[in-house]
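Take a look at the structure below.
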Amino acid sequence: MTTWPPTLTDLKQDMGPEFEDDGGQDDDRLQLVLDASVAFVERVRSDVNFDGDLGSDLEDVSPDLVLGTLRLASRWHTRRRSPDALIQMAEMGASRVPTFDPDIERLLQIGRHQQWVCG
């Protein structure tokens, strides 16, 4: 089983050296988006054994679920700089920031990549 939930250190390593060596200046903001992404994933993926209960019928936390959670937190951190969903790119003008990332949805198995459920 993969360690759940991912830590702030995991997030900073995934985001790159500029965040690992920042002296902790973004730690509070990064922890906030990490906590929110963990809560979101736990809410939308109720079919996963996040507590690591032995003998559970739910699937265990997979490495791609952890990576998807880290990438979601990173995206939310970056997205705060473009609340109107636009990025200014000097000579090229403005560009729209997509509201979702299909790679993250694949990793988390949410959105259109969610598994079918019969009930």
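Along the sequence shown, residues carry numbers from 1.
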If you look at every heavy atom in [X] and [Y], which pair is closest and at what distance?
X     : Y     : result
Leu11 : Leu30 : CD2-O, 3.7 Å
Leu72 : Val41 : CD2-CG2, 4.4 Å
Asn49 : Ser56 : ND2-CB, 3.5 Å
Val66 : Pro6  : CG1-CB, 4.1 Å

So, does [X] use its side chain to make a donor-acceptor pair with the main chain of [Y] at under 3.5 Å?
X     : Y      : answer
Thr69 : Leu65  : yes
Ser37 : Leu34  : yes
Arg45 : Leu108 : yes

Measure the spacing between [atom1] of [X] and [atom2] of [Y] and express it to the nearest 0.5 Å.
X      : Y      : atom1 : atom2 : result
Glu20  : Met15  : CD    : CE    : 11.0 Å
Asp47  : Asp57  : CG    : CG    : 12.5 Å
Thr3   : Asp10  : OG1   : CG    : 8.0 Å
Leu107 : Ser62  : CG    : OG    : 8.5 Å
Lys12  : Asp27  : NZ    : CG    : 3.5 Å
Glu105 : Gln109 : CD    : CD    : 12.0 Å

Count I, L, V, M, F, W, Y as connected when their side-chain heavy atoms are under 4.5 Å apart, and connections chain through other members. Are [X] and [Y] then in the same cluster?
X     : Y      : result
Val61 : Ile110 : yes
Phe40 : Val33  : yes
Val44 : Trp76  : yes
Leu32 : Leu8   : no

Using the six-membered ring wherever Trp is involved, compare the ring planes of Trp4 and Phe50 and label them parallel, tilted or perpendicular (cut-offs 30° and 60°).
tilted
What do you reckon, is CG of Asp28 surrounded by more than 12 foreign heavy atoms closer than 6.0 Å?
no
Given the rule in the salt bridge (Lys or Arg N to Asp or Glu O under 4.0 Å) test, do Arg71 and Asp14 qualify, once you have shown the distances and angles that lead to the verdict?
CA-CA 8 Å; Arg71 297 288 163 87; Asp14 189 63; 2.8 Å; yes
Heavy-atom distance under 4.5 Å between the side chains of Val48 and Asp60, does that happen here?
no
